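First the proteins, then the strands, lettered A, B, ... as listed; each starts at 1. Quantities reported herein were computed from a predicted structural model and do not represent experimental measurements.
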Amino acid sequence: MTRQTGARIRCQRNPARARGSSLALRVLTIPSPMDRYDPSVIEPKWQAFWDEHKTFATPPDTGNPKKAYILDMFPYPSGAGLHVGHPEGYTATDIVARARRAQGYDVLHPMGWDAFGLPAEQHAIQTGTHPGETTKKNIATFKRQLKMLGFSYDWDREIDTTDPGYVKWTQWIFLELFDRGLAYQNEVPVNWCPALGTVLANEEIVNGVSERGGHPVIRTPVRQWMLRITAYAEKLLEGLDLTDWPTSTRIMQTEWIGRSEGAEVRFPAVGTDGVIEVYTTRPDTLFGCTFVVLAPEHPLVEKLTTDDRRAEVEAYVAAAKAKSDRDRQASREKTGVFTGGYAENPVNGEKVPVWIADYVLAGYGTGAIMAVPAHDERDFEFATKHGIPIREVVSKTGKPSEAPLTEAMPEPGIAVNSGPYDGLTTAEFKAKIIADLEAKGQGKRRIETKLRDWVFSRQRYWGEPIPIYFPVECEGDPRKGDPYTIDYSKPIPVPREELPLELPELDDFRPGDDPQGVLARAVDWRFFQKDGKWFARETNTMPQWAGSCWYYLRFVDPKNDEAPWSPEAAKRWLPVDLYVGGAEHAVLHLLYARFWHKVLYDAGHVPVPEPFQKLVHQGMILGEVEADGRAHKMSKSRGNVVNPDEIVQRFGADSMRVYEMFMGPLEATKPWNTSSIGGVRRFLERVFQAAQKADANVPLEGELLSAVHRTIRKVTEDIDGLRFNTAISAMMVLTNDLLKAPAVPKEAVEKLALLLHPFAPHLAEEVWEMLGHAPSIQAVPWPSYDPKLCEEDEVEIAVQVLGKVRGRVKVAKSATQDEVLALARENAGVAPHIEGKDLKKVIYVPGKILNLIV
RNA sequence: GCCGGGAUGGCGGAAUUGGCAGACGCAGGCGACUUAAAAUCGCUCGUGGUGACCCCACAUGCGGGUUCGAGUCCCGCUCCCGGCACCA
């Protein structure tokens with residue numbers, strides 16, 4: 001399409017010749033493709049050149065102290081191919097990578113595939129196509145599309161997380177965790193759907209039944225592998241201070257970890273030998289405790305429940321168990337039942353009733369709380385609903401309130417009704433009572449986190465096998481169906497030299513009735529004999545996070561067979577200097593990867609404590625603004641998905657790249673607008689024209705010289721600050737200036753090409769060649785600017801009277817206040833406003849403004 | 001509810017520390033070229049004052065404030081987007 005339009009343009013460029021002449025002459029005047037900007041010709045041309053010359057190969061280590069590791073969050077290669085959101089971040093990093101190379105940095109800019117994952121497995125279940133095959137096909141599509149956009153990746157470092165050569169080291173890292181006691185097994189309640197024969201994620205359950213098919217789901221404990229990320233809570237928290245990350249992301253991680261300081265207090269369970277341990281962040285309110293609440297799953301529920309309450313308690317526990325976590329949290333109503341039992345408050349010996357309620361979570365703290373309704377909103381609500389007394393023990397004034405409280409007062413204050421502690425501030429009280437409790441053995445200081453250990457196993461096929469096996473008791477052959485028992489309490493790591501442990505071939509990827517997962521059916525793979533004894537491999541696989549937890553490490557040395565990476569390569573490249581990816585990974589991926597990194601750091605495998613120095617989240621690209629004046633997320637159902645292939649075909653890759661950067665700030669959410677790409681395309685065409693007009697005999701001087709230097713400064717600074725939209729705007733201004741000039745100095749076009757190169761690399765290469773230079777422009781050093789030339793000698797000063805602009809005067813940059821004032825008095829716009837008035841005050845900001853107060 | 005971000009022409013956005021609001025681009029209008037259309041080029045384009053110069057008023061979500069001067073700082077709201085969700 002582009003070419004046809006172009007052909008028409010060509011004929012009309014020379015209308016005189018084309019019109020009144022013979023056919024023969026017409027043929028002669030059709031210009032060569034070089035005569036006009038045609039991305040469909042020059043883009044493949046330069047892509048082939050880059051491939052052939054390995055222009056973007058990572059340079060060998062020659063001791064260059066300047067290095068830049070510039071990384072994109074690698075994609076999951078879905079069947080749908082690239083969408084326009086992908087190139088946004090990728091173009092941003094590509095611009096920085098190309099600029100840094102030109103600025104003399106050794107650059108590592110790699111790309112790979114996060115290729116394990118559910119969609120390929122689902123596809124396999126539906127069609128029987130092996131997930132590996134689907135993955136291969138999808139990768140090919142993604143790679144073709146990325147190459148089409150001209151990104152400067154070092155493709156020799158491509159990573160595929162499903163590649164056995166990569167899986168080997170993912171498993172190796174798992175064993176590092178295992179060896180350090182950071183990987184362990186536990187019975188964890190999961191959402192098991194017997195009808196589907198699979199474990200479901202919380203998202204897959206709606207109203208207690210499976211989203212697909214509406215089958216019942218039960219909470220049942222299944223053996224899982226866990227990673228002890230909680231052991232790294234403090235380090236993960238502290239490490240955030242070492243990074244240059246968006247505040248919002250740091251806050252999200254901080255809150256996800258959710259560290260709190262408090263106390264564990266022991267409440268003897270009256271009439272039994274049990275003790276209820278409660279966790280509280282407000283030990284200063286102990287005297288206000290009027291009841292204790294246990295989570296329904298708490299082990300002491302059974303003991304404390306009296307016979308007359310038993311039926312009710314058991315019914316409540318059973319109902320809680322049947323609900324999913326999500327459903328339990330969906331209802332805010334404070335339900336609960338009294339167990340009939342009592343606990344003794346250690347500070348005053350008071351006996352308070354023990355209730356169970358599902359607003360107390362079994363998994364947090366001790367699964368038991370001391371309820372202080374006067375100073376906790378949830379306890380207040382519960383007490384009000386169930387008629388439990390409310391006792392005020394903290395007040396703002398230090399005196400008890402006269403009227404009964406109408407709502408909880410959770411803020412700090414001064415203690416009342418607290419015996420010997422009355423009059424202490426909340427902070428003083430906390431410190432003192434913790435010390436007193438510890439002295440009497442009634443409690444101790446305790447730090448809690450919301451962060452839970454990480455459930456690391458999946459009952460799926462398309463993931464890394466967990467490299468562990470277990471002893472088996474079996475008379476006969478377990479592969480032939482003879483009865484067997486697996487001793488899961490004795491996990492044995494697969495020897496490092498036997499890695500990778502590859503997946504078995506399967507024909508049927510459907511989940512079965514065994515909660516141990518799909519691989520449990522691959523009996524020939526699962527069971528093996530060693531020294532005459534039977535063993536069973538772990539049949540769980542790793543989650544998709546595993547591969548993405550360390551891919552940035554593999555990129556530094558991707559072909560190493562002896563180690564996951566060499567210490568030299570790690571030292572040369574780490575940490576990642578710039579990491580760009582979606583905000584949807586603000587917590588999980590970025591927290592998990594940091595956790596692995598810190599374990600590897602402690603083990604001496606990596607030289608720096610944090611993996612990602614600077615992090616930026618690109619904003620979402622929405623669909624076109626619709627009739628309602630709003631833009632919506634791109635989605636198949638809305639039919640507003642923009643296909644990059646189509647855009648590249650219509651406008652070219654350079655136009656696509658520059659448009660995506662020109663839309664607005666990188667971090668902002670922005671609506672797509674196809675017709676705006678036309679404007680960008682016209683800009684690139686004008687650059688091409690400037691190159692055609694470039695004349696080596698025209699010296700670069702005067703105002704144009706200043707303009708070039710100002711543009712170099714602006715673009716250089718904007719690339720550093722990732723402000724690509726304003727950098728492009730500056731280049732547009734320069735291009736317009738050049739074309740308006742009577743003649744175009746070749747030197748100016750050269751500088752423009754160098755600045756434009758990171759943004760529109762194909763065009764820049766072409767222009768560079770048109771100007772008579774040998775490729776590649778990537779090898780040419782980044783242009784420098786002279787700050788003196790960036791300044792204009794003459795500046796226009798706005799003259800205000802009482803803050804309103806009344807005139808403008810042109811003065812030398814160095815003009816003094818008096819000089820400017822003198823000119824201003826004469827100014828036709830200003831004079832009438834100051835005539836006959838007293839000049840009370842003069843404000844002069846050199847080079848900017850003169851404000852006269854009369 | 002809590003946390004984070006945001007609101008500027010018809011649209012996307014610009015304005016580096018408080019200093020000429022609207023750069024750059026899209027869309028629109030007018031004109032040139034053309035039999036015509038497309039493309040290209042030139043001009044125009046915040047709103048209002050019968051308004052293409054000149055002039056005036058209004059204008060950066062709303063209401064106050066600080067300041068010679070506020071899109072920018074402070075106080076109080078409204079709406080939109082993203083995240084979290086009983087964590088004791």
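Residue S729(A) is in base contact, counting any heavy-atom pair closer than 4.0 Å across all strands shown. The residue S260(A) sits close only to the backbone: its heavy atoms come under 4.0 Å of sugar-phosphate atoms, none of a base. Contact annotation for V845(A): base contact, defined as any heavy-atom pair under 4.0 Å involving a base atom.
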Can you tabulate the close N/O pairs, meaning under 3.5 Å, that link protein atoms to atoms of nucleotides 42-46 of chain B?
none

Show me the protein contacts with nucleotides 67-69 of chain B, counting only N or O atoms at under 3.5 Å.
| unit_1 | atom_1 | unit_2 | atom_2 | d |
| --- | --- | --- | --- | --- |
| rC68(B) | O2 | N851(A) | ND2 | 2.3 |

Atom pairs, N/O to N/O, protein against nucleotides 54-59 of chain B, distance under 3.5 Å?
| unit_1 | atom_1 | unit_2 | atom_2 | d |
| --- | --- | --- | --- | --- |
| rC56(B) | OP1 | R806(A) | NH1 | 3.3 |

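Residue pairs that meet the side chain to side chain donor-acceptor pair (under 3.5 Å) test with at least one member in residues 728-741 of chain A, sequence neighbours left out, are R686(A)-N736(A). Applying the salt bridge (charged side-chain N to carboxylate O under 4.0 Å, His left out) test to residues at least two apart or on different chains, the pairs with a partner in residues 664-680 of chain A are E88(A)-K670(A). Each salt bridge (charged side-chain N to carboxylate O under 4.0 Å, His left out) pair with one or both residues in residues 842-854 of chain A, not counting sequence neighbours, would appear here, but there are none.
Taking only side-chain nitrogens and oxygens, R686(A) comes nearer than 4.0 Å to OP1 or OP2 of rG25(B). For Y359(A), no side-chain nitrogen or oxygen approaches OP1 or OP2 of rA88(B) to under 4.0 Å.
Residue-to-nucleotide contacts include a donor-acceptor pair under 3.5 Å from the side chain of K334(A) to the base of rC86(B).
In summary, the side chains of S40(A) and D38(A) do present a donor paired with an acceptor at a separation below 3.5 Å, with no hydrogens or angles considered.
Residues from residues 712-723 of chain A lying near RNA chain B, meaning a heavy-atom separation below 4.0 Å, are absent.
The separation of rA85(B) from rG76(B), taken at their C1' atoms, amounts to 28 Å, rounded to a whole angstrom.
Across every non-hydrogen atom of T254(A) and L240(A), the tightest pair is OG1-CD1, 3.6 Å.
In RNA chain B, runs of at least 3 consecutive Watson-Crick or G-U pairs, each pair with both distances below 3.5 Å, span B:1-7 with B:78-84, B:10-12 with B:24-26, B:28-32 with B:40-44, B:46-49 with B:55-58, B:61-65 with B:73-77.
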Show me the side-chain donor-acceptor pairs of residues 256-264 of chain A shorter than 3.5 Å, one per line, residues at least two apart or across chains.
| unit_1 | atom_1 | unit_2 | atom_2 | d |
| --- | --- | --- | --- | --- |
| R259(A) | NE | E234(A) | OE2 | 2.8 |
| R259(A) | NH1 | E261(A) | OE2 | 2.9 |
| R259(A) | NH2 | E234(A) | OE2 | 3.3 |
| S260(A) | OG | Y279(A) | OH | 2.8 |
| S260(A) | OG | Y364(A) | OH | 3.4 |
| E264(A) | OE1 | R446(A) | NH1 | 2.6 |

Exercise. Which parts of nucleotides 78-85 of chain B does protein reach within less than 4.0 Å, heavy atoms only, written one letter per nucleotide 5' to 3' as B for base, S for sugar-phosphate only and - for none?
Worked result: --SS-S-B
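Along RNA chain B, the nucleotide nearest I251(A) and the nucleotide nearest S676(A) are compared for position; the residue whose nucleotide lies closer to the 5' end is I251(A).
K385(A) has no carboxylate O lying under 4.0 Å from a charged side-chain N of E381(A), or vice versa, which leaves the two without a salt bridge.
Take Y232(A) and apply the ring pair (Phe, Tyr, Trp, His ring centres under 6.0 Å) test, not counting sequence neighbours, and it matches F595(A). For F382(A), the ring pair (Phe, Tyr, Trp, His ring centres under 6.0 Å) partners two or more places apart in sequence, or in a different chain, are F291(A), W355(A), Y359(A), H386(A).
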